[in-house]
Structures are given as structure tokens and as C-alpha cells.
2 protein chains.
Amino acid sequence: MAILGFLRDFPLHGYDLKNRVAALAGHVRPIADGTLYPTIKKLEDAGCLTRRTAPGSVAAPRHMLEITQDGTDQLRRWLRNPEPVFITDDNKWYVLLAFLHHLENAREQSIVLARRREFLDQPTQLFFDEHGRPIPADQLDSPFRKGLMQIHRSFNLGEIDWLDSQIAELDRRAGYTVRQRTGD
Amino acid sequence: MAILGFLRDFPLHGYDLKNRVAALAGHVRPIADGTLYPTIKKLEDAGCLTRRTAPGSVAAPRHMLEITQDGTDQLRRWLRNPEPVFITDDNKWYVLLAFLHHLENAREQSIVLARRREFLDQPTQLFFDEHGRPIPADQLDSPFRKGLMQIHRSFNLGEIDWLDSQIAELDRRAGYTVRQRTGD
DNA sequence: GTACTCTACCTCGGAGTCGATATATATTCT
DNA sequence: AGAATATATATCGACTCCGAGGTAGAGTAC
């Protein structure tokens, strides 16, 4: 998704892609060569991108990669209907968010944000005692677990606020569109 | 790490472990049977845990798992000297944090928190233009990328605050210990 | 009575990822 | 001259993990 998402903005070569993915997921983990190049090949075989050999600006020749219409369609399918783990795994969710603007329909964007919003709404209970009873944050012995729950909670609330404002804005825009269309 | 970390508190059976890991990493992803049971077996073969068959409270018989001294040692090694990805990957870091109290030495705990703190201190630049120039948050076209950077920044600042206060507290405690020792 | 659900364990195949290794070119440092 | 570093691409074996499937006991709904 990150490869096609970056290529949707402008053509890039593998090495550049690697650095951009590493920066985006930088706080997560850089992508390994052994992952990147086979994935590029797979996407090429699937017709999602084409390559043109160009002289390297500094050293060895580059393979400039360009996204195709099929690639754009594939990217939009992934964004429009993301697998559950892209909603629940923070790392994957942030990668998705970085490319969500490639879904051009505000309504579709709003639906994806709403899925994340719904997920964050679920009460999270992280720790339990011997008998399976939930332990509230203030009764935890470990200051690390206390901090973990506290940080987790405040972070969730912050993201929920942001999601709500974004969803409202997107729905307002989509609403205008619908009204304009139905107003014909 | 999560398996040994939970067993360090009290013995559990596989099914219970699965639910606890799912709750801890609940906002991430639940652990699959195909991951859990082979991992339990691997830890058993490595002498990190022992199992005792007990009648199931409701249905099939359970395998109650208990951590051994070797298992405790292994857990402490993982916590004391975590691989880089446990510092940089949020998901893994939070799992580590949930069990850091099993490192009983305040100095050692503090060193691990300091590694995370140092990592968070690095300026994060997520997006670049065609020419590789960094794009500041306020110049991004996508509201999702803007939100991503904004949330990321505020979250980092929050965690840094917490880390600083924890490190100070731990060092204060470790300092007392050293002073008492050297004062003999 | 029988279908469904929850508990509880286990295995196998496949997908994805990493890390090591290899190949080359150009620049910079010593 | 030689070494180190950065650019740039590619492959291979090993490892991890998931998902689908299987086994089984006990309770619950219809």
C-alpha cells in the first residue's frame, strides 16, 4: 500500500521509496531490501506499476517506477475497504491514513474514519487478575502499566476528537455534494 | 515475551493466555492459535516453562503453565537488553512496558526507559516532496497527513513527559540505593 | 435430539519479512 | 593507491505468523 501510495504522487525509484517508507514508518521500522524489491516485482507482475531504466543521478542506474491505472484502482480498493487489521493496528492505520487522500470521494473517506472511530470507542481493559477480573488503572502495582493505560487513554481521546472533527467536515462536504446533485 | 511475562505473575493455561495477550495487545491484534501453541511448545522445550494437566473448569482439560527459573532469566534478559525494534515499534514497546516491572533493578528499568526517550527525541520528518525536501505539517495538502503529524507530535510529547518523570523517580530510588551501599 | 456455542488444544501450508550476501558505480577521505 | 561510504538493485534461506482446519467436552437453545 505504501509503495503504490507514494507512486500515486509522483514516479520514484526503489531506493527512494525505501527511504520514504522508512521515514513514514520511521518510528516503526524501516523496510528491508529483501521485502521491498520482491514486492516491487510482484506489483509489476500484477500490472500495478511499470518501470523505466534511467541513469542514476549519483551512481548505479535507477529503475524509475510509475503507477498504472490498475495500480491506482488496487490502491483505492485497499483504502476503501481496508482489512480489519488496518483499523486495529496503530502502525498499519497510520500508513493507511497517510494515503487516504487518494480516495477522492469524501463519503468514502468518512466511512473509513468512522470504522476507526468505532474501534476506538470500545472500552479497553488491558489487565486482569488471577480470576479474570479486570484491574482498574489506579489499582495496578506497576507504575509502567499505570503509565501505559494512562497514555493509551489520553491518546485515544485525542484521536477520537480529531476523528470526530474530520468526519463532521467530510460529511458536511459530502452533504453539499449530495444536495447539489439531488437539487438538479 | 508476553507469555513469560504473564506467567511470571501466576500460572495460566493456554486459552487464558490467549485472551490476556489479546486484551493487552487488544488495540493491536489478537494472537492466533497457530502462533500461541507452537510458541508455548518452543518455550517448554527451551525449559522456560512447565505444564501440568488439570481438569477444565468448563470443558476440555487444561494445561496449566508455570514459568521456571530459566524462563524468568530469559524474560529478564529480553527486558534488560531489548532488541532495537522493541524500542522503535510502538506495539512492541507497549508490550515490553507491560512487563518491565519484572526487572527488579530500578537502574536497569531506567536504562530501558532512557533508550525509548532517546529514540523519541529524534526529530521525525514523515513526508518529502519530489526532490526529497521535507514538507512541514502546515504545508501538507492532505488533512489526513496533517492530522497524522499533529497527533504523532502531541503523542510523542506526552510520552516524553511521562518518561522523564519516571526516569527521574527511578534514578532517585537507584541513587538512594547506591548512596546507602557506598555509605557502608 | 440435535444444532449451536464456548472452552480448550493442536497441526499444517502458505504468505510475508528479515538479514546476509552479491553486484556495481561514484565520491570522499586518508 | 586504497579504503570507506553512499547510491542502487537483486536473490536466497531462515524464520515468524496467520488462517484454516481438525479434535473434543460441556452447556444451551429450539
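- In this structure, the CD1 atom of B/Ile31 is 12 Å from the P atom of D/dG19, given to the nearest Å.
- Aromatic pair A/Phe99/A/Phe6: ring centres closer than 6.0 Å.
- With no hydrogens or angles considered, a side-chain donor-acceptor pair links B/Arg77 and B/Gln74 at under 3.5 Å.
- Scored by the salt bridge (charged side-chain N to carboxylate O under 4.0 Å, His left out) test, A/Asp45 finds no partners at all (sequence neighbours excluded).
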Next on the checklist: Please encode protein proximity along nucleotides 6-15 of chain C as a string of B, S and -, counting only heavy-atom distances under 4.0 Å.
Outcome noted: -BBBBB----
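- Surrounding CZ of B/Arg52 are at most 12 heavy atoms belonging to other residues, nucleotides or ligands under 6.0 Å away.
- In this structure, A/Asp89 places its CG atom 14 Å from P of D/dC17, rounding to the nearest Å.
- For the pairing with B/Arg116, the salt bridge (charged side-chain N to carboxylate O under 4.0 Å, His left out) check across B/Asp164, B/Asp121, B/Asp90 returns one residue only, B/Asp90.
- Residues meeting the salt bridge (charged side-chain N to carboxylate O under 4.0 Å, His left out) test with A/Arg145, sequence neighbours left out: B/Asp9.
- Between the P atom of D/dT16 and the CZ atom of B/Phe86 lies a distance of 12 Å, rounded to the nearest Å.
- Under the salt bridge (charged side-chain N to carboxylate O under 4.0 Å, His left out) criterion, A/Asp161 pairs with no residue, sequence neighbours left out.
- Counting to the nearest Å, the P atom of D/dT16 and the NZ atom of B/Lys92 are 11 Å from each other.
- In this entry the distance linking CE of A/Met1 with C1' of C/dG16 reads 15 Å, nearest Å.
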In a table with atom names and distances, give each donor-acceptor pair under 3.5 Å that connects a side chain of residues 125-136 of chain A to protein atoms at least two apart or in another chain.
{"from": "A/Gln125", "atom 1": "NE2", "to": "A/Phe127", "atom 2": "O", "distance (Å)": "3.1"}
{"from": "A/Gln125", "atom 1": "NE2", "to": "A/Ile135", "atom 2": "O", "distance (Å)": "3.0"}
{"from": "A/Asp129", "atom 1": "OD1", "to": "A/His131", "atom 2": "N", "distance (Å)": "2.9"}
{"from": "A/Asp129", "atom 1": "OD1", "to": "A/Gly132", "atom 2": "N", "distance (Å)": "3.1"}
{"from": "A/Asp129", "atom 1": "OD1", "to": "A/Arg133", "atom 2": "N", "distance (Å)": "2.9"}
{"from": "A/Asp129", "atom 1": "OD2", "to": "A/Arg133", "atom 2": "NE", "distance (Å)": "3.2"}

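- From one end of the helix from C/dG1-D/dC30 to C/dT30-D/dA1 to the other, with five pairs defining each end axis, the axis direction shifts by 20° (rounded to 10°).
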